[in-house]
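When reading the values below, keep in mind they use all heavy atoms of this one structure, side chains included, and skip hydrogens, waters and symmetry mates. Numbers restart at 1 for each chain; the letters A, B, ... are given by sequence-line order, proteins then strands.
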Amino acid sequence: MRIESVWIGRGGQGIVTAVYIVAHASIADGFYAIANPEFGAERRGAPVKAFLTITDYFEDSPEPIKNPDVAVFLDDKLIDTMRVVVEAVKPGGYVIVSSGKGPEEVAGIIGRKDVNIAVVDGIGLALKHVGLAVPNGPMVGVFAKVMGLPRLESIKEAIASQLGKAVEQNFAAAVEAYKTAVVIPAAEAGSAKISVEIPTTSAFLTGDYELVGWDQIPEGGLVYPGSSLRYKTGSWRVEKPIIDHSKCIMCRRCWLFCPDDAVLEVWREAKGPGGRVVRVKAIDFSYDYCKGCGICAQVCPTGAIQMVREL
Amino acid sequence: MTLQLELGKVRQKRIALTGNHAVALAAKMARVEVIAAYPITPQTPAVERLAEFVNNGELDAEYIPVEGEHSALSAVVGASAMGARVFTATSSQGLGFMYEILPIAVGLRLPVVMGIATRAYSAPINVWGDYSDVMSMRELGWIIYMVSNVQEAFDTTIQAFRVGEDPSVHLPVAVAYDGFWISHVLQPLEVPEDEEDVMRYAPITRSWRKLDVDNPASLGAVGTPEWYFEIRYAAYKALEDSIKVVLEADALYGKMFGRSYGLGSGYKLEDADVAIVTYGSIYGLARKAVDALRAEGIRAGALKIRLLRPWPADFLRRRLDGVDKVVVVDRAFNHGGLVGPVATELAATLARPIYSAYATIGMRATDSAALKKAAERVAKGEVEPMRPFNIGLRGP
Ligand code: SF4
Ligand code: SF4
């Protein structure tokens, strides 16, 4: 037996813990497992990838998974940016998604009829049981449901060992996901061959940079201005800032503190005295780059900025 | 009394200096612009002399008296990143304390020049000269010279600026000279009378990538797994290719100043059956041992390695391929390794078993008689190849 899975999520969603829990529980069930998370961009909200292989024979190679049996998305917004992962799943395999959207809508986004699709509102269940928007527990539960392993008791043991706290709450979230996840079976067999592979590079997690040869890179790794333009961190957001211009005193603290230069100073038309339309300076946000950290709202002295739920 | 000499096209004078003071004078004549150093035996007189030059106005440079070597190298890395010609010097544990910054100067491709008055690593505390410090930095990407006398220390320090700042190189350069046996030994040397001649030889190129407010860029950004390999490979390749620049710079130096050293030098190797290979000040002892061996009918030769990095493989093969028995006298332990540090690399280079000896560890005194004895044992088959033996160690 060999089950290869790829888990896609964002920093802060507990993806590393999720694969550790499944691996731990599988090992408790007597299998071999390798949980191999990719580290580096562990900033909250940044896309993160983890590999998990479960076997019934000894295996210790960190070989990247190119055509998984299972793809797990902890965030449905990542399906489009990581479409290659969806396309690389073996026909007859599984795509498991955490989404607040209806299962049919998610199946439409996935767009493959030759894979089994499982959907659960992971964030909703995590908020209900744990009080945090960390959908890892529910996704572990769905994995166990569709794959038939690991056993729920082993998952509980793994949660206790890997988290060490809020064990009952996380386990309850996993169990409810196990019970309520909607599974849409594959409608057709699909072709035996898949032409797409998940690239071994992790560049697709960061942006569409041209990976040039060593002789084309500036000496000493010098980086010129504008190199982050294509690195659109806007997709990291869970919440977005909105401004109430009537409260803003244009002190520009938000502008000063934003770590992503996403607070903009723009011209805005406003009603002046006597009904005249005047152009005034105003604060706005660049939503391509705002990653929703909430610092601007925190530092605003007048409470002009509110963070509102997007996901 | 100084003797006026006309050598090459450059007017020079003969003076007497210790190795430390010769290295300091070379850095001064190359008009370094920023110096940051922390004193440590046996390097101290070198940086004291530079501080004097700055203090009395003979050298127009910033001297940063830092609180330790980690800061010393960090400061010159920063100054070099601003485009300045920089210099630092250290020894032993001081080099160890710089370790974190050593590969950074390489990755950022900054032509820092550093003098190393070589010294044994503690413990036990030993302020004396062996090469355990230098051997510990071989894999980090620096160009590393090992010199054999005061004159060579002076000349090589000047060459180091030309080589490191060459547009095809842009790498840091270390000039290692024996602690005490060169650093504190007074010898005659010839030096250019006019600093302008040194600056003609080694003009400051400022061709490396530097921080410039009019043309902003960031130096020292993250190199993710998608980029690190390529950026580091460029530095690796530049070091490998720098051997050409080392030779060109040495040849030009020879033309202008009348002295050149190549990648090393050989002594009576042409018909030799046994060769003593070593580095640093004891090359003179090896040559004497060769003469004594030849007087007894043993056809011996000697070779000294001047360039430790990049490793001069072709030069070594050319000089040693025809020699039956090669013994390397290493001056630092290769703890847990097969043979001495340089012996390991030379055996790989020649692709055959060679002989390996340890000597001068912790600056245990040695002499030409001891080296002669060692070569005799090799010639007579009394020691095994690829099994290190010791010169001057007490005990079994
Ligand atoms: S939430 Fe505010 S501070 Fe944070 S990235 Fe967005 S605009 Fe900048
Ligand atoms: S910190 Fe608040 S008040 Fe100040 S400019 Fe920003 S939004 Fe306006």
Side-chain angles (χ1 to χ4, degrees), chain A residues 6 10-11 16 36-51 62-66 81-82 84 197-233 236 259-261 291, chain B residues 77-83 101-112 140-142 164-172 205-242 245:
Chain A
V6 174
R10 298 180 180 280
V16 174
N36 179 12
E38 197 171 74
F39 288 97
E42 358 19 355
R43 287 156 299 180
R44 183 161 287 264
V48 179
K49 179 172 80 181
F51 295 134
E63 178 99 65
I65 293 169
K66 304 209 173 99
T81 33
M82 308 284 172
V84 63
E197 284 187 345
I198 300 174
T200 51
T201 163
S202 59
F204 75 110
L205 292 176
T206 52
D208 58 342
Y209 295 98
E210 196 193 345
L211 293 173
V212 295
W214 66 269
D215 54 336
Q216 318 256 314
I217 298 172
E219 188 178 288
L222 197 76
V223 177
Y224 291 104
S227 62
S228 315
L229 273 179
R230 276 182 283 174
Y231 190 20
K232 299 212 168 150
T233 47
W236 297 14
D260 268 70
D261 281 354
K291 59 190 176 200
Chain B
V77 158
S80 181
M82 289 302 296
I101 317 300
L102 291 170
I104 294 176
V106 173
L108 299 182
R109 306 295 298 279
L110 298 173
V112 172
L140 301 181
W142 285 60
E165 293 177 12
D166 186 284
S168 71
V169 178
H170 293 161
L171 286 171
T205 67
R206 297 198 214 285
S207 56
W208 57 98
R209 306 284 179 131
K210 47 197 177 290
L211 299 173
D212 173 0
V213 284
D214 295 324
N215 187 15
S218 44
L219 197 54
V222 168
T224 61
E226 265 61 54
W227 298 99
Y228 181 89
F229 199 166
E230 281 74 19
I231 293 167
R232 256 350 255 210
Y233 180 76
Y236 172 92
K237 188 80 169 60
L239 181 62
E240 185 179 302
D241 294 348
S242 71
V245 179

- [ ] Can you see which heavy atom on A:Glu219 is nearest to which on B:Arg209, and at what distance?
- [x] O-CG, 3.6 Å
TODO: Pick one of side chain, backbone, both or neither for A:Leu222, based on which atoms fall under 4.5 Å of a heavy atom in chain B.
DONE: both
Task: Minimum-distance pair of heavy atoms, taken over all atoms of B:Ala217 and A:Tyr224 - done: CB-CD2, 3.8 Å
Task: CG/B:Asp241: more than 12 non-hydrogen atoms of other groups inside 6.0 Å - done: yes
Task: Heavy-atom contacts under 4.5 Å, residues 227-235 of chain B to chain A - done: B:Trp227, B:Glu230, B:Ile231, B:Tyr233, B:Ala234
- [ ] Work out which heavy atom in A:Val223 is nearest to a heavy atom in B:Ala221; give both atom names and the distance.
- [x] CG2-CB, 3.8 Å
